[in-house]
Amino acid sequence: MFVNFRRIRRCQRLQLLTTCLVLSLLMVCWEQLDQNVVNHVRSYSYRYLDNRFTFIKESFTIPQEEALSFSKYRFLLDHRDKCANQDVLLLLFVKTSPENTGRRRAIRSTWGNESFIRHILGANVKVIFVLGAPGATPEGLTESYKAVLQQRLVREDRLNGDLIQRDFADTFHNLTLKLIQQFHWAHANCGHARFVMTADDDVFVHMPNLVSYLLEEAGRGVADFWIGRVHRGAPPIRDKSSKYYVSREMYPWSTYPDYTAGAGYVVSGDVAEKIYRATLRLNASIYIDDVFMGICAHSAGVAPQEHVYFSGEGKAPYHVCIYDQMMTSHGHVEDIHDLWRVATDPLVKQRTSGFLGRLYCKAAKLALLCKPYHFNTYPCKGAFA
Ligand SMILES: *[C@@H]1O[C@H](CO)[C@@H](O)[C@H](O)[C@H]1NC(C)=O
Ligand SMILES: *[C@@H]1O[C@H](CO)[C@@H](O)[C@H](O)[C@H]1NC(C)=O
Ligand SMILES: *[C@@H]1O[C@H](CO)[C@@H](O)[C@H](O)[C@H]1NC(C)=O
């Protein structure tokens, strides 16, 4: 009797387990199916609208004198010889604002530590902070406070020598000016860098993973390279209360050309040069910088490629199997030191390698990335990458 009872229980347990497995598999597939449907609808409308994209190029093209007005601002801080007489694997621009001193300090002592990258990772990476002048915030800055902030920046720059600042108000709606500043500076002072990257100052970059990936790509003689989290067929936001609101006068079409999330993306040197040239003839008044980047790239005939371990708005799950592959993760300020420590620990490689390590990571990543309705992190495909 007792044995039978146990057997039934075991049977039921097995049934329950199988049901759960099937259900979760279904949910995983549904997410992909759902995603697929959405992507198809988008890509069809994208194809349908493809003709209009030439329209975009035409309507954004302006005379060069007028295009140059977006880059006329004088330099307040500059380091023109940063790249001189040396091979540079990566020129990394961090978009920052005058008041974000703490973020810059944290980056310099973690993933942006050039001497660590040179001595431990064996690569020459230039980390440069790009900013505008202390500008109007919603509360409004008084002139004397702006002057104090500027003095503080001058001192910070004297110590670190890594700020590039131009004289435009550092505001959200001037981000496109900051983008132009980067590509113009790269063209003028670091045209030989193999790669150029743009990152927000609250992004975590897994420098060891990124460097080994870029070294591998560079070895292949990479060209026409633009990677990050890709937004395909993203529609302009017409809700006036949104930070990303774009009026129909500014952008009348219903979809943007493909672009990578501004939080962090990498282009090869040849693409950086093409973007620079595009900025010499396009109207940069659209203030969403990553969208403007998409417009420039489209007009230069460059298309972005997805890398699943570049995050857009999202934050990576804290897990050893994720650290093994992550490139960027968004939204790290307080935890940047801790994350740098655990994500670059040699234990990560130990625990994720070998047959058992890989098996464990496959399961862990499935559980972390393929949860249905769990967005804002790396996509489920990351579990299979
Ligand atoms: C950068 O890394 C080096 C080790 O290569 C270390 O000695 C130095 O203290 C680090 N710099 C900062 C600011 O943490
Ligand atoms: C952008 O910067 C310019 C130059 O400082 C300034 O006049 C303008 O108001 C800024 N635009 C926005 C939207 O903040
Ligand atoms: C650039 O676009 C804006 C609207 O987005 C428009 O007001 C402006 O006149 C355009 N500039 C030129 C030079 O056509």
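Since the model is a prediction, treat every value here as computed from it, not as a measurement. We're numbering straight along the sequence, starting at 1. Order of listing sets the numbers, starting from 1, for every ligand and every atom in it.
Residue His173 has no nitrogen or oxygen atom sitting less than 3.5 Å from a nitrogen or oxygen atom of ligand 2, judged on distance alone. Considering backbone and side-chain N/O of Leu177, none are found under 3.5 Å from N/O of ligand 2.
Using cut-offs of 30° and 60° for the angle between ring planes, the Tyr265 and Trp226 rings count as perpendicular. In this structure, Tyr259 and His231 have tilted ring planes: the angle between them lies in the 30° to 60° band.
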Output, in order, the C-alpha distance, side-chain angles, deciding distance and verdict of salt bridge (Lys or Arg N to Asp or Glu O under 4.0 Å) for Glu156 and Arg152. CA-CA 6 Å; Glu156 181 186 336; Arg152 230 192 272 161; over 6 Å; no
Does the salt bridge (Lys or Arg N to Asp or Glu O under 4.0 Å) test come out yes or no for Arg351 and Asp324, once each step is laid out? CA-CA 9 Å; Arg351 288 186 52 195; Asp324 185 39; over 6 Å; no
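Residue, atom and distance of the protein heavy atom nearest to atom 6 (C) of ligand 3 are Asn283 ND2, 4.2 Å. Scanning the protein heavy atoms around atom 4 (C) of ligand 3, the nearest turns out to be Ser285 OG, 3.9 Å. Among all protein heavy atoms, the one lying closest to atom 5 (O) of ligand 1 is Phe116 CA, 3.5 Å. Remark: minimum distance from atom 14 (O) of ligand 1 to any protein heavy atom is reached at Ser109 CB, 3.3 Å. Summary of contacts: the protein heavy atom closest to atom 12 (C) of ligand 1 is Asn113 ND2, 3.6 Å. In this structure, the protein non-hydrogen atom closest to atom 13 (C) of ligand 3 is Glu66 OE1, 2.5 Å. Shortest contact from atom 3 (C) of ligand 2 to any protein heavy atom: Asn174 ND2, 3.7 Å.
Near Ile62, the atoms of ligand 3 lying under 4.0 angstrom from a non-hydrogen atom of the residue are 12 (C), 13 (C), 14 (O). Under a 4.0 Å criterion applied to the non-hydrogen atoms of Phe168, ligand 2 contributes the atoms 2 (O), 4 (C), 5 (O). Counting atoms of ligand 1 from 1 in the listed order, those under 4.0 Å from a heavy atom of Ser115 are 1 (C), 2 (O), 3 (C), 5 (O). Within the listing of ligand 2, atoms 2 (O), 4 (C), 5 (O) sit less than 4.0 angstrom from a heavy atom of Ala169. Remark: ligand 2 atoms within the under-4.0 Å shell around heavy atoms of Thr171 are 12 (C), 14 (O).
For Ile62, the side chain to side chain contact (heavy atoms under 4.5 Å, CB included) criterion is met by Glu66, Ala67, Phe70, Asn283, not counting sequence neighbours.
For the pair Tyr73 and ligand 2, a heavy-atom separation below 4.0 Å is found.
Residues Trp340 and Phe116 place their aromatic rings such that the two centres sit under 6.0 Å apart. In this structure, Phe204 has its ring center no closer than 6.0 Å to that of His330.
Among residues at least two apart or in separate chains, there is no disulfide (SG to SG under 2.5 Å) pair with a member in residues 206-291.
Distance screen at 4.0 Å: atom 9 (O) of ligand 2 has no protein heavy-atom neighbour inside the cut-off.
Of the charged side-chain nitrogens involved, none lies within less than 4.0 Å of a carboxylate oxygen, so that Asp289 and Lys178 do not count as a salt-bridged pair. Salt bridge absent: Asp162 and Lys82 never bring a charged side-chain N and a carboxylate O closer than 4.0 Å.
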